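Please read the structure below before turning to the comments.
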Amino acid sequence: MSTPIALIDCNNYYVSCERAFDASLVGVPVIVLSNNDGCAIARSAEAKALGIKMGDPIHHLRDKVRAHGIRVLSSNYTLYGDMQRRVIAACEAFARDHEIYSIDETFLDLAGFEDRDLVAHARAMRKQVQRWTTIPTCVGIAETKTLAKLANAAAKKQSCFDGVADLRDEDVRRDVMQAFPVGDVWGVGGATARKLTDLGITTAGMLCDMPMKQARAVGTVVLERLVAELRNVPSAAVEMVEPQRKGMAVTRSFGTPVTTFDRLMGALTEYAMRAGEKLRSHGLVAARLTAFFHTNRHKPDRPQYAGSRTVTLHPMTNDSLELIAAARRAAERVWRDGYAYTKAGIMLDDLVAADMRPRTLFEDDGDKRARLMGALDEINGRFGRWTAVTASQGFKREWKLRSEMRSPSWTTSISEVPTVRA
DNA sequence: TCTGGGGTCCTAGGACCC
DNA sequence: TCTGGGGTCCTAGGACCC
């Protein structure tokens, strides 16, 4: 028998984080918007009940917002990241190990806890999270990750589970899978769901019974592994160590369209600075940098252009100034006048741990630069991002994204901690 | 007027080599 | 009619996730 896995998932996570610090948001419909205040990416139960879907553009929702008094917030990732640490801290005593899957979901390795009543164990954990953070959660228990995800979804949807579903028993598993739409299975997206439906496979139970060979033909090894996991055969373990990251990106939509190369470089400079910071905080260097920018793809009647160029970084580097120079080289080659650009970004690939990077023969002493970057990170860490900037980055930042309804940094900025009067 | 920002994995196909 | 047979490496793009 394999070891049990739990998946703990926070309910309406961003909204729950906001509610932890603003009681007036409790019990009313609330939505949290994406970067640039573009579309709804988190919805309270009340907002979902009003028919608001994940990804709905806010400008399609104005009438509903007015009619139902929906509270609308910009996203506050600093707050959500900090709350995540608290949620995980509350879970630590309940598992041997954990793997953070996303900002609101964590897999827990329950090896060593098998002889307990795991449903009671999970309930105690939920209570602890609620007490420490106020955040409501659901827990799915199973022996493969795919089934733990499915258990979690069942716990969320079916009130009979009361927030904790355990799918280790085969009969329970069968019952739940039989009622579970195939398109809701973790790893089955729109394209695969259509193919499966055409074959008459409409539930997780039917997918589980699909011949492995056929699964491979329909959806390559990915779907084959997925079917194995539904059959309770693990094909992915809980990852104790963080796997080596392969690439990273900093991309943003613009608050107002950009039409000049200087403005584009202003934005790319900022993204390259941020990318350098991310690299350094992970102790990595990059071998390749891609700069890209494009016009508004949602408006096909307007002139369209997408520029993208990859350049090699040699030596491999995490030096922001090198990244900025590389971004300029890349952008210059594909720049075109006469278009209104609405989005740009920097992508870094072929990442390697900084102390493992290959040395080049004529590499000059990088110590000075490394110290400069260290000082930059420290200043910006202590006094807030973009306290220290490069001259090319500039101070105007007209392109910067919209975020007009952001809640304060309740937990991470001393000037914004909540005041309590008694 | 107005539509996110990250990531991962897999496959196909071209370039190149012997 | 018929046009080697493998390899490797790289890139682009699809599909999926939150």
Side-chain angles (χ1 to χ4, degrees), chain A residues 7 9-14 31-43 52-63 65 72-77 80-81 84 99-107 145-146 149 152-153 182-196 216-226 235-236 239 242-257 267 271 274-275 278 282 287-288 290 292 294-300 302 306 308-310 312 340 342-351 401-405:
Chain A
L7 175 70
D9 179 314
C10 301
N11 302 346
N12 317 322
Y13 181 60
Y14 296 173
I31 58 178
V32 176
L33 302 180
S34 61
N35 261 330
N36 217 25
D37 292 346
C39 47
I41 53 169
R43 307 149 291 149
I52 293 171
K53 300 272 180 296
M54 177 77 175
D56 274 352
I58 185 64
H59 63 273
H60 289 171
L61 296 175
R62 292 288 177 210
D63 291 346
V65 166
V72 180
L73 294 162
S74 303
S75 37
N76 182 347
Y77 292 102
Y80 312 148
Q84 178 185 34
E99 175 196 349
I100 297 171
Y101 175 66
S102 74
I103 197 157
D104 67 335
E105 288 169 87
T106 300
F107 285 106
K145 283 183 162 181
T146 304
K149 280 286 273 189
N152 190 287
V182 76
D184 292 349
V185 175
W186 186 39
V188 177
T192 308
R194 265 191 304 279
K195 283 188 215 166
L196 291 171
R216 193 179 183 111
V218 171
T220 77
V221 292
V222 179
L223 191 64
E224 191 181 38
R225 283 200 284 247
L226 198 157
S235 90
E239 304 269 0
E242 214 173 310
Q244 170 69 54
R245 216 200 241 257
K246 303 199 168 128
M248 61 172 64
V250 179
T251 72
R252 295 281 182 282
S253 296
F254 298 130
T256 49
Y271 304 163
R274 173 75 191 118
K278 271 169 91 171
H282 288 86
R288 297 191 319 150
T290 304
F292 75 85
H294 61 73
T295 47
N296 188 349
R297 289 173 169 156
H298 298 289
K299 302 281 172 198
R302 298 189 195 161
S308 166
R309 188 76 171 210
T310 303
T312 306
T342 54
K343 180 170 177 172
I346 300 277
M347 298 192 289
L348 299 170
D349 276 301
D350 298 356
L351 309 186
L401 51 78
R402 282 185 292 270
S403 187
E404 290 165 358
M405 296 155 282

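Here is how names work: the chains are called A, B, and so on, in the same order as the sequence lines, proteins then strands, and each is numbered from 1. All values derive from a computational prediction rather than experimental measurement.
With C:dC18, B:dG4, B:dT8 as the candidates, the nucleotide lying closest to the side chain of A:R245 is B:dT8. Closest to the side chain of A:M248, out of B:dG7, B:dT3, B:dT11, is B:dG7. The side chain of A:T192 sits closest to C:dA15 out of C:dA15, B:dT3, C:dC18. Closest to the side chain of A:W186, from the set C:dC17, B:dT3, C:dC16, is C:dC17. The side chain of A:N35 approaches B:dG5 more closely than any other nucleotide in the set B:dG7, B:dC2, B:dG5. Residue A:Y101 places its side chain closer to C:dC18 than to any other of B:dG4, C:dC16, C:dC18. Nearest to the side-chain atoms of A:R252 among the listed nucleotides B:dC2, B:dG6, B:dC10 stands B:dG6. Closest approach to the A:S102 side chain among B:dC10, C:dC18, B:dG4 is made by C:dC18 (side chain taken as heavy atoms from C-beta onward). For A:S34, counting side-chain heavy atoms from C-beta on, the closest listed nucleotide (B:dG4, B:dG7, B:dT8) is B:dG4. Between B:dG6, B:dC2, C:dC18, one nucleotide has an atom nearer to the side chain of A:V250 than all others, and that is B:dG6.
In this structure, A:R225 atom CZ and C:dA15 atom P are separated by 18 Å, rounded to whole Å. The nearest whole Å value for the distance from the CD1 atom in A:I58 to the P atom in B:dG4 is 13 Å. Atom pair A:K149:NZ and C:dC17:C1' shows a separation of 8 Å (rounding to whole Å applied). For A:L61 and B:dC2, the CG to C1' distance is 11 Å, given to the nearest whole Å. In this entry the distance linking CG of A:N76 with P of B:dG5 reads 16 Å, nearest Å. C:dC9 atom C1' lies 15 Å from atom CG of A:D349, rounded to whole Å. Regarding A:I41, its CD1 atom lies at a distance of 11 Å from the C1' atom of B:dG6, rounded to whole Å. For A:K278 and B:dG7, the NZ to P distance is 4 Å, given to the nearest whole Å.
Here the shortest heavy-atom pairing between A:A40 and A:I52 reads CB-CG2, 4.3 Å. Between A:V250 and A:R252, the closest heavy-atom pair is CG1-NH1, 4.3 Å.
Within the 4.0 Å cut-off from OP1 or OP2 of B:dG4, not a single side-chain nitrogen or oxygen of A:T251 is found. The phosphate of B:dC2 has OP1 or OP2 within less than 4.0 Å of a side-chain N or O from A:K299.
In this structure the side chain of A:R288 never reaches within 4.5 angstrom of the side chain of A:M347, judged on heavy atoms. You'll find the side chain of A:T251 stays beyond 4.5 Å of the side chain of A:Y271, heavy atoms only. The closest side-chain heavy-atom distance from A:S308 to A:T290 is below 4.5 Å.
When heavy atoms are screened at a 4.0 angstrom cut-off, A:V185 is found touching the sugar-phosphate backbone but no base atom. Here A:R216 lies out of heavy-atom contact (under 4.0 Å) with every strand. Contacts of A:D56 with the nucleic acid, taken as non-hydrogen atoms under 4.0 Å apart, are absent. Across all strands shown, A:G190 has heavy atoms under 4.0 Å from sugar-phosphate atoms exclusively, and none from any base.
When the C1' atom is used for both C:dG4 and B:dC16, the distance is 16 Å, rounded to whole Å.
Summarising the base pairing, C:dT11 is matched to B:dA12 through a Watson-Crick or G-U wobble pair whose two defining distances lie under 3.5 Å.
Heavy-atom nearest nucleotides on DNA chain B were determined for A:H59 and for A:K343, and the one closer to the 5' end corresponds to A:H59. When each of A:K246 and A:N296 is assigned the nucleotide of DNA chain B with its nearest heavy atom, A:N296 is the one assigned upstream, toward the 5' end.
We find that A:K145 and A:E239 are not joined by a salt bridge, their nearest charged nitrogen and carboxylate oxygen being 4.0 Å or further apart.
Ring geometry, A:Y77 versus A:Y80: the interplanar angle exceeds 60°, so the pair is classed perpendicular (tilted spans 30 to 60°).
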